[in-house]
Amino acid sequence: MIILGIETSCDETSAAIIEAKPKSKYINLLSNVTSSSLLLHAKTGGIIPEIAARKQVEYIIPVIEKALSDANTDFNNVDNIAVTVGPGLIGSLLVGVETAKTLGYFLNKPIVPVNHLIGHIYSNFIDQPSVDRRLKAVDFPAIALIVSGGHTDLVLMKNHNDLKLLGGTRDDAAGEAFDKIGRLLGMSYPAGPTIEKRAQNGNPKRFNFPRPMIDSGDFEFSFSGLKTAALREVRTMKQFASPTGGLNNETICDFSASLQQAIIDVLIKKTLKAAQKYNAKSILLGGGVAANSKLREDLKSSIVNLKSSIKLFVPTKSLCTDNGGMIASAAFFNHKPISWKKITANPELYFD
Ligand code: KG4
Ligand code: ZN
């Protein structure tokens with residue numbers, strides 16, 4: 001089966017071609033083409049929805065054409081079209097959804113609607129040639145941690161098509177916390193990767209940031225208190241900084257390392273707690289923040305320290321952020337194709 005995956009929920013325009021056999025445990029990614037309007041948003045501190053959607057209208061057809069040609073195929077060989085229907089920005093979602101519907105109508109192909117958050121989980125089902133074949137298959141039950149710009153969710157996965165939300169963020173998502181706090185330090189959007197880079201040369205113990213809800217006993221998250229604590233710290237430091245109010249490099253590195261560690265500690269503690277409670281055999285990481293090397297390393301070493309046999313799945317970094325491959329992958333494993341007439345975008349879509 002060949003699936004064309006289309007993803008346009010935020011600022012990215014992405015299309016991918018995947019191939020899999022009916023009982024495959026993971027899929028082959030034949031192409032994955034992503035075009036982003038991120039540079040246009042860097043200075044504004046966040047995505048401007050109208051600009052993102054306008055660029056997506058320009059990019060969508062060339063991106064799909066390139067995905068087909070990179071995979072050495074054409075529309076005739078595509079069995080299904082998969083498209084993100086939500087959650088996301090309405091203008092952006094509509095670009096992908098209307099394109100998929102038009103293709104579905106003209107080519108007479110069924111469409112598989114995909115929840116973007118579930119897509120992030122399914123980046124873990126894309127074949128990674130570097131991983132040992134015996135370790136590749138996900139064993140259930142699994143716990144998925146989705147950490148992106150808009151979401152921080154813990155999900156229990158008893159099997160494909162059997163997902164249950166255990167908890168999510170009550171306010172800011174982990175990626176949002178990185179972005180908003182980074183902005184206080186003068187970093188451009190998205191600040192997550194910049195904070196990670198600065199943190200590599202910083203002391204994570206210099207600033208004692210709170211670990212919100214770390215011992216709350218449930219699987220909910222909250223990062224807005226961390227943002228307030230960070231703001232207070234930045235204001236105090238600026239009072240004692242140079243006459244121009246600038247912070248020195250060492251301070252920014254220490255601040256970044258301390259902030260990053262506070263977020264990671266909460267994410268890991270809750271994920272492991274969920275894994276123990278539900279006897280998980282696998283942990284799956286997904287979403288843009290999953291590209292953070294410290295989070296990846298700390299989660300791996302925490303599992304080793306527990307002497308646990310839980311398998312950890314982490315997508316290659318390029319598959320952590322939004323891409324069409326994860327949407328096509330989710331469509332293959334949750335295969336419910338429907339007519340183009342029944343597909344609608346839903347910006348508020350969450351877990352059932
Ligand atoms: O999943 P994603 O591409 O888009 C959404 O669905 O939101 O995630 C984007 C988020 C941004 O908040 C960005 O700052 C964060 O992922 N991010 C990172 C890193 N790379 C991206 N956060 C921390 N460390 C990173 N290396
Ligand atoms: Zn995303």
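Please read these numbers as outputs of a predicted model, since none were measured by experiment. All ligand and atom numbering here is 1-based and tracks the order in the structure.
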Stepwise side chain to side chain contact (heavy atoms under 4.5 Å, CB included) test for Tyr105 and Lys341: CA-CA 8 Å; Tyr105 168 69; Lys341 291 180 198 158; over 6 Å; no
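Annotation: Glu196 places an N or O atom under 3.5 Å from an N or O atom of ligand 1; distance criterion only. Residue-to-ligand polar distances keep Thr321 apart from ligand 1: every N/O pair is separated by 3.5 Å or more. Of the N or O atoms in Gly287, none lie within a sub-3.5 Å distance of an N or O in ligand 1.
Between Pro87 and Leu349, the shortest heavy-atom contact is CB-O, 3.2 Å.
A heavy-atom separation below 4.0 Å is not found between His151 and ligand 1.
Checked against the 6.0 Å centroid threshold, His151 and Phe351 do not count as a close aromatic pair. When ring centroids are compared, Phe207 and Phe255 come within the 6.0 Å threshold.
Of the candidates Asn323, Asp322, Asn115, His120 forms a side chain to side chain donor-acceptor pair (under 3.5 Å) with just one, namely Asp322. Checking Lys55, Gln56, Arg54 one by one against Ser92, the side chain to side chain donor-acceptor pair (under 3.5 Å) holds for a single residue, Gln56. For the salt bridge (Lys or Arg N to Asp or Glu O under 4.0 Å) with Asp139, the qualifying choice from Lys311, Lys25, Lys158, Lys281 is Lys311, the only one to do so.
Side-chain contact annotation: Thr251 with Asn248, donor-acceptor N/O pair under 3.5 Å present. Side-chain contact of Gln200 with Lys294: a donor-acceptor pair under 3.5 Å is absent, judged by distance alone.
Using a 4.0 Å cut-off between heavy atoms, Glu12 makes no contact with ligand 1 at all. Of the heavy atoms in Asp179, only side-chain atoms (C-beta onward) come closer than 4.0 Å to ligand 1.
At the top of the distance list for atom 15 (C) of ligand 1, counting protein heavy atoms only, stands Val289 CG2, 3.9 Å. In terms of protein heavy atoms, atom 2 (P) of ligand 1 is closest to Asp322 OD1, 3.5 Å. Of the protein's non-hydrogen atoms, Asn292 ND2, 3.1 Å is the one closest to atom 24 (N) of ligand 1.
In the vicinity of Gly175, heavy-atom distances shorter than 4.0 Å reach the ligand 1 atoms 12 (O). Close approach to Pro190 involves these atoms of ligand 1, each under 4.0 Å from a residue heavy atom: 13 (C), 14 (O). Close approach of ligand 1 to Gly150 (heavy-atom distance below 4.0 Å) involves ligand atoms 7 (O). Against a heavy-atom cut-off of under 4.0 Å, Gly149 is close to the following atoms of ligand 1: 5 (C), 7 (O), 8 (O), 9 (C), 10 (C), 12 (O). Within the listing of ligand 1, atoms 22 (N), 23 (C) sit less than 4.0 angstrom from a heavy atom of Phe178. Here is the list of ligand 1 atoms found below 4.0 Å of a heavy atom in His120: 1 (O), 6 (O).
Between Tyr278 and Pro141 there is no side-chain heavy-atom pair separated by less than 4.5 Å.
Transitive grouping of hydrophobic side chains (ILVMFWY, heavy atoms separated by less than 4.5 Å) brings Val289 and Leu285 into a common cluster. Taken together through direct or relayed side-chain contacts under 4.5 Å among Ile, Leu, Val, Met, Phe, Trp and Tyr, Ile48 and Val57 form parts of separate hydrophobic clusters. Hydrophobic clustering, with ILVMFWY side chains joined whenever heavy atoms are under 4.5 angstrom apart, groups Ile27 together with Leu319.
The count of protein N, O or S atoms under 2.8 Å from the Zn ion (ligand 2) stands at 3, with waters excluded from the count.
Using cut-offs of 30° and 60° for the angle between ring planes, the Phe333 and Tyr122 rings count as parallel.
For atom 20 (N) of ligand 1, the nearest non-hydrogen atom from the set Gly192, Gly288, Gly88 comes from Gly288.
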